[in-house]
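Taking it in order: structure first as structure tokens, then the write-up.
Throughout, protein chains are lettered first and strands after them, A, B, ... in sequence-line order, and every chain is numbered starting at 1. Just so you know, these numbers come straight off a predicted model, no measurement behind them.
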There are 2 protein chains.
Amino acid sequence: MLAGGYGGPVIEPAALQTAPSATAERADAADERAGRVTINDVAAAAGVSVSTVSKVINGRYGVSAKTAEHVSRVVGELGFETSIVASSLRGGRTNVIGVLVAGFEPFTLGVLQGISAELTGTGYDLLAYSGRSAPGEQAGWERRSLSRLGGTLIDGAILVTPTVETASTPVPIIAIDPHTGRSPLQSISGDNRDGALQAVRHLIELGHRRIAHLRGRGDLESALLREEGYRRALLEAGIPVREELIVDGDYLADTATGAVAALLDLADPPTALFAANDVSAIRAMDVATGRGLRVPQDLSVVGFDDIPAAATSVPALTTVHQPLEEMGRLAARRLLDELDGRAQPEPGRHEELATQLVVRGTTAAPEA
Amino acid sequence: MLAGGYGGPVIEPAALQTAPSATAERADAADERAGRVTINDVAAAAGVSVSTVSKVINGRYGVSAKTAEHVSRVVGELGFETSIVASSLRGGRTNVIGVLVAGFEPFTLGVLQGISAELTGTGYDLLAYSGRSAPGEQAGWERRSLSRLGGTLIDGAILVTPTVETASTPVPIIAIDPHTGRSPLQSISGDNRDGALQAVRHLIELGHRRIAHLRGRGDLESALLREEGYRRALLEAGIPVREELIVDGDYLADTATGAVAALLDLADPPTALFAANDVSAIRAMDVATGRGLRVPQDLSVVGFDDIPAAATSVPALTTVHQPLEEMGRLAARRLLDELDGRAQPEPGRHEELATQLVVRGTTAAPEA
DNA sequence: ATGAAAGCGCTAACAA
DNA sequence: TTGTTAGCGCTTTCAT
């Protein structure tokens, strides 16, 4: 049966555009799905069975050198690449790391860059997936994504700012900046408390005493820790915490607008503001300048995260830098160690990376 | 046969962690793949066939309201989500848009942000895939990725800076900043020539006459157009183009190092430099300051792209802003229009978005 | 209205 | 050494 196989027509790569299949009988089928060469096409063209092709592709034993070489050549000629979809469904490894995100905003992007950098040269591909949360299903997007990905499309996953507890999962998982405090997941985050501490100390050193705090989302661990840092800095400087100077910003620009306005309406308004993230800090600046206040002369502002926009705002925002890229790298490293058997899974293990205050143009000593 | 079905045990969501399956016979199988609920589990739990479940999920006709409601409830209770992998393999639509990238660097990230923004609320999920090019297979990564994704995991794809011609593809495709000039692909890019024109005009207006150009990769359309803009600006100002002031930077920091050094070694060195991208521009600054030159007093520098690092360099880099986000949005819009049948495919159609010079701190009038 | 069964591309027993 | 076959989870005819 193999008789004519080896002597069969050799397809020129250039010719593939119009005739992806080597066997005449399959030509019509090929027309429908132009561009996609399957293992069947290869088997037919090489005159062997699909399992033989599979063995060659995956370097399994049980194929003669001669056959292996022949098949390899046909694979090259046809430009065949095994479909992750099919092999994944079948259950094998895919050599793909999944990064599950709620969306592609600055925070996510920074982390992604780190993961990508760490993965180069490891043989793993990177697949970032953002499941647009179905209406009314904001929280728990990561569970849905994990399900949709089938737990097999990817060999392991990195969850970026997951919102809910995820207990049993089909593949090894590591979380970055988990929102629910200590979870059973292995996780990585920036040192939120210390970052806040640095930010507020900086304001105190500049001579500020009436320092307000624009809080983050109350249900998120990071927001709680940032507020804790704010309080501690005040305490250690002997400055009493005034609750009316703590307002809710929700990490959102829109929520910040009203909160900051209320702050500035106070009889004794603050001379400085520590916002829980850059997005709300930048909005706070807008609100202040909109009222004729000058930043930083009349109001100093410090943010958190150090997103790209922080460097381009006018004036440039003083903020706490989170090592997003490094967080991504570390997460990838931990996951790979586990996947490649270099380390055992350590549920609940939590690592914190140092944060760093970046002083730019929105902070100065209070006037008079 | 349905007899006991409706009266069957109702699984509490909380109980799922340990017993994802409702039928005793399947309990052991479930143990192996904890966390993944399949359509079979749902069918068994609901006491109906898998095809019925499938119909309900996809809103097909041929299911009684009563059954539909029952199945829906079980789906909710078990937290079932259909696997993209399986449904994709079967051939149906997945409602997933693929973004194929060479890696996750600043350029890519900006585009991704735009695509993501445009996709919110459309019902499409976003899957970004970076196939770590196999050794020696740098170019053509997009063809490999496209193959690996099976042409069915995704309903359509956006190729970011593809490197080779891609003729017939399994799904609708649109390219951003294609590297090979006019291709059969529908594509979108920034206005490279005009951006370069703005950059060099700016230098001329400042009073510069000896303006050098650090070229990009010669095989890339964008680099050619940027050089063209440079030449045209000089020409229209009546300044003769001096070929010795044009050197190769390859878009790479390392290549830029030597090229810039050579430029500064000239008997009559340039007072200004237009670099083909930010990465090489920033390196050029380093080289100059390393030789004791001051930027911008002794050497003005303009970059291209406006990556985040351009805003944080010291001094901040004057550069040409590419509307990365808008490019992503437009690509997504075009693709969706095609997928949803609102527009016909227009092979070869090319759209250019305006670029904009951003003057920051690295350009000034030449010192006497 | 419902279910049985085929098949998408691939891998891994198992047979020959 | 090679081929045959049985699924992986899902959708979709086609029966019933």
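Rounding to the nearest 0.5 angstrom, the gap separating the OG atom in Ser54(A) from the CZ atom in Arg60(A) is 7.5 Å. Annotation: the span from Leu127(B) atom CG to Tyr129(A) atom OH amounts to 7.5 Å, rounded to 0.5 Å. To the nearest 0.5 angstrom, Ile188(A) atom CD1 is 12.0 Å from Leu159(A) atom CG.
For the pair Arg148(B) CZ and dG9(C) P, the interatomic distance rounds to 16 Å; values are reported in whole Å. If you measure from atom CD1 of Ile84(A) to atom C1' of dT11(C), you get 16 Å, rounded to the nearest angstrom. Regarding Tyr61(A), its OH atom lies at a distance of 19 Å from the C1' atom of dA13(C), rounded to whole Å. The interatomic distance linking Leu149(B) (CG) with dC10(C) (P) rounds to 13 Å, in whole Å. Here the P atom of nucleotide dC10(C) and the CG atom of Leu153(A) are 14 Å apart, to the nearest Å. One atom, CG of Leu89(B), and another, P of dA6(C), lie 17 Å apart when rounded to the nearest Å.
Taking a cutoff of 4.0 Å between a charged side-chain nitrogen and a carboxylate oxygen, Arg148(A) and Asp125(B) qualify as a salt bridge. With respect to the salt-bridge test (charged N to carboxylate O, under 4.0 angstrom), the residues Glu77(A) and Arg73(A) qualify.
Between Asp340(A) and Arg93(A), the shortest heavy-atom contact is OD1-NH2, 3.9 Å. Considering every non-hydrogen atom in both Ser147(B) and Gly79(A), the closest pair reads OG-O, 4.2 Å.
The shortest distance between the side-chain N/O atoms of Thr152(B) and the OP1/OP2 oxygens of dC8(C) is not below 4.0 Å.
Judged purely by distance below 3.5 Å, without hydrogens or angles, the side chains of Asp155(A) and Thr94(A) pair a donor atom with an acceptor atom.
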Using a 4.0 Å heavy-atom cut-off to protein, can you give one letter per nucleotide of nucleotides 10-16 of chain D, 5' to 3': B if the base is in contact, S if only the sugar-phosphate is, - if neither? BBB----
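The bend of the helix from dA1(C)-dT16(D) to dA16(C)-dT1(D), defined by the angle between the axes of its first five and last five pairs, stands at 50° to the nearest 10°.
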